[in-house]
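Numbering of ligands and ligand atoms starts at 1, following listing order. Computed from a prediction, not measured in an experiment: that's the story for all the values here.
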Amino acid sequence: MATKFFIFFFITIITLTSVTAEDEGTGFVDSSPNRKFLKSKEKVSHFRFFWHDILTGQNPSAIQIIPSVPKYNKTSSFGLVRILDNPLTLGLKLSSKLVGRAEGLYASASQSRLSLLMVMNFALTQGKYNGSSITIMGRDVIDDKAREMPVVGGSGVFRFARGYAMAKTRTFDPKSMQSTVEFNVYVIHY
Ligand SMILES: *[C@@H]1O[C@H](CO)[C@@H](O)[C@H](O)[C@H]1NC(C)=O
Ligand SMILES: *[C@@H]1O[C@H](CO)[C@@H](O)[C@H](O)[C@H]1NC(C)=O
């Protein structure tokens, strides 16, 4: 029994060494930094803020860079792309405390309804989150009451992050086209 265990143990060590030894020490890969993440615990953080999409006025925050393609459904604006640097505030009002900015772009990606491909980095500026960012990539069907978009990663305190964001339009002014969207972001990170 003891011999069997010893052999098993020995074989395991040989296997582990041969897998990692190949590239270690060449400068290409070093697996030791991973231990820091394996030892520390993951946590879930819930962030809530308001995203302001300002299309008109003196200082629009989202700008059309590619127009929609006229021969497709005009209502769904298929092909339209805007680049954005939208303020993220703690309260519903644009004048409330700024907690970060959403940098990215959205593209109208459906021929039959207003459905956007959202690609954004939430660059946060508050406290220990200042300088860290959460990366979102997902589908945003504008007429849906609640829209869900995946958190695909992040930087800084959000390294290795994953999660999801729920978006809900809170105000929309058809005249100025300005909208305010509430974001609830649930992120698992270290
Ligand atoms: C065009 O888009 C609108 C909504 O954006 C939709 O109601 C309508 O059915 C679409 N038309 C076609 C032909 O897909
Ligand atoms: C966030 O960090 C930047 C750069 O380090 C600094 O200039 C800024 O004042 C910080 N913002 C807040 C709200 O702490």
Side-chain angles (χ1 to χ4, degrees), residues 27-66 80-107 116-140 142 144-173 175-190:
F28 173 61
V29 58
D30 172 13
S31 60
S32 58
N34 297 340
R35 280 178 208 129
K36 188 183 110 204
F37 289 100
L38 293 177
K39 270 189 229 147
S40 52
K41 282 223 166 71
E42 281 183 319
K43 50 183 167 290
V44 186
S45 300
H46 170 200
F47 296 92
R48 178 174 178 261
F49 43 70
F50 295 85
W51 178 95
H52 302 269
D53 201 40
I54 307 158
L55 303 182
T56 54
Q58 284 284 301
N59 294 301
S61 66
I63 295 156
Q64 179 176 302
I65 50 170
I66 301 172
L80 179 138
V81 180
R82 288 198 191 113
I83 191 150
L84 60 100
D85 178 6
N86 287 359
L88 302 172
T89 61
L90 200 54
L92 183 63
K93 285 215 169 86
L94 180 57
S95 57
S96 68
K97 191 184 169 102
L98 189 74
V99 293
R101 302 196 72 91
E103 299 171 358
L105 47 86
Y106 55 80
L116 306 176
L117 163 70
M118 307 289 289
V119 183
M120 290 189 290
N121 292 310
F122 291 147
L124 304 182
T125 49
Q126 281 309 289
K128 70 166 179 172
Y129 304 104
N130 189 8
S132 295
S133 62
I134 297 169
T135 303
I136 301 277
M137 189 168 90
R139 180 169 183 245
D140 188 0
I142 297 299
D144 284 357
K145 266 221 169 71
R147 291 100 69 184
E148 180 180 335
M149 288 162 243
V151 168
V152 295
S155 73
V157 303
F158 302 112
R159 284 178 184 169
F160 289 113
R162 59 194 193 281
Y164 66 99
M166 298 303 298
K168 197 193 267 181
T169 301
R170 293 291 298 273
T171 67
F172 175 67
D173 177 3
K175 213 169 134 218
S176 66
M177 298 279 286
Q178 179 163 331
S179 62
T180 306
V181 178
E182 177 181 343
F183 268 91
N184 280 279
V185 187
Y186 299 85
V187 202
I188 298 175
H189 62 106
Y190 289 99

Pair H52-S61, side-chain donor/acceptor within less than 3.5 Å: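 No pair is found: no donor N or O on one side chain lies under 3.5 Å from an acceptor on the other.
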Step-by-step ring-ring contact (aromatic ring centres under 6.0 Å, His included) determination, F122 to F47: CA-CA 11 Å; F122 291 147; F47 296 92; 9.5 Å; no
Which donor-acceptor pairs under 3.5 Å do the side chains of residues 153-168 make with protein atoms, sequence neighbours left out?
| unit_1 | atom_1 | unit_2 | atom_2 | d |
| --- | --- | --- | --- | --- |
| S155 | OG | S133 | N | 3.3 |
| S155 | OG | S133 | OG | 2.8 |
| R162 | NH1 | E42 | OE2 | 2.8 |

Counterpart residues, side-chain hydrogen bond (donor to acceptor under 3.5 Å, both in side chains), relative to R101 (two or more places apart):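 Partners of R101 by the side-chain hydrogen bond (donor to acceptor under 3.5 Å, both in side chains) criterion, ordered by chain and then number, come out as D85.
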Listed partners of S176 passing side-chain hydrogen bond (donor to acceptor under 3.5 Å, both in side chains), at least two apart: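 Residues passing side-chain hydrogen bond (donor to acceptor under 3.5 Å, both in side chains) with S176: D173.
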Which atom pairs, nitrogen or oxygen on both sides, join ligand 2 and the protein at under 3.5 angstrom?
| unit_1 | atom_1 | unit_2 | atom_2 | d |
| --- | --- | --- | --- | --- |
| ligand 2 | 2 (O) | N130 | OD1 | 3.4 |
| ligand 2 | 2 (O) | N130 | ND2 | 2.3 |
| ligand 2 | 11 (N) | N130 | ND2 | 2.9 |
| ligand 2 | 14 (O) | N130 | ND2 | 3.4 |

Check: T125 side chain, V99 main-chain N or O, donor-acceptor pair, under 3.5 Å: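 Yes, the answer is positive, given that a donor and an acceptor are paired below the 3.5 Å cut-off.
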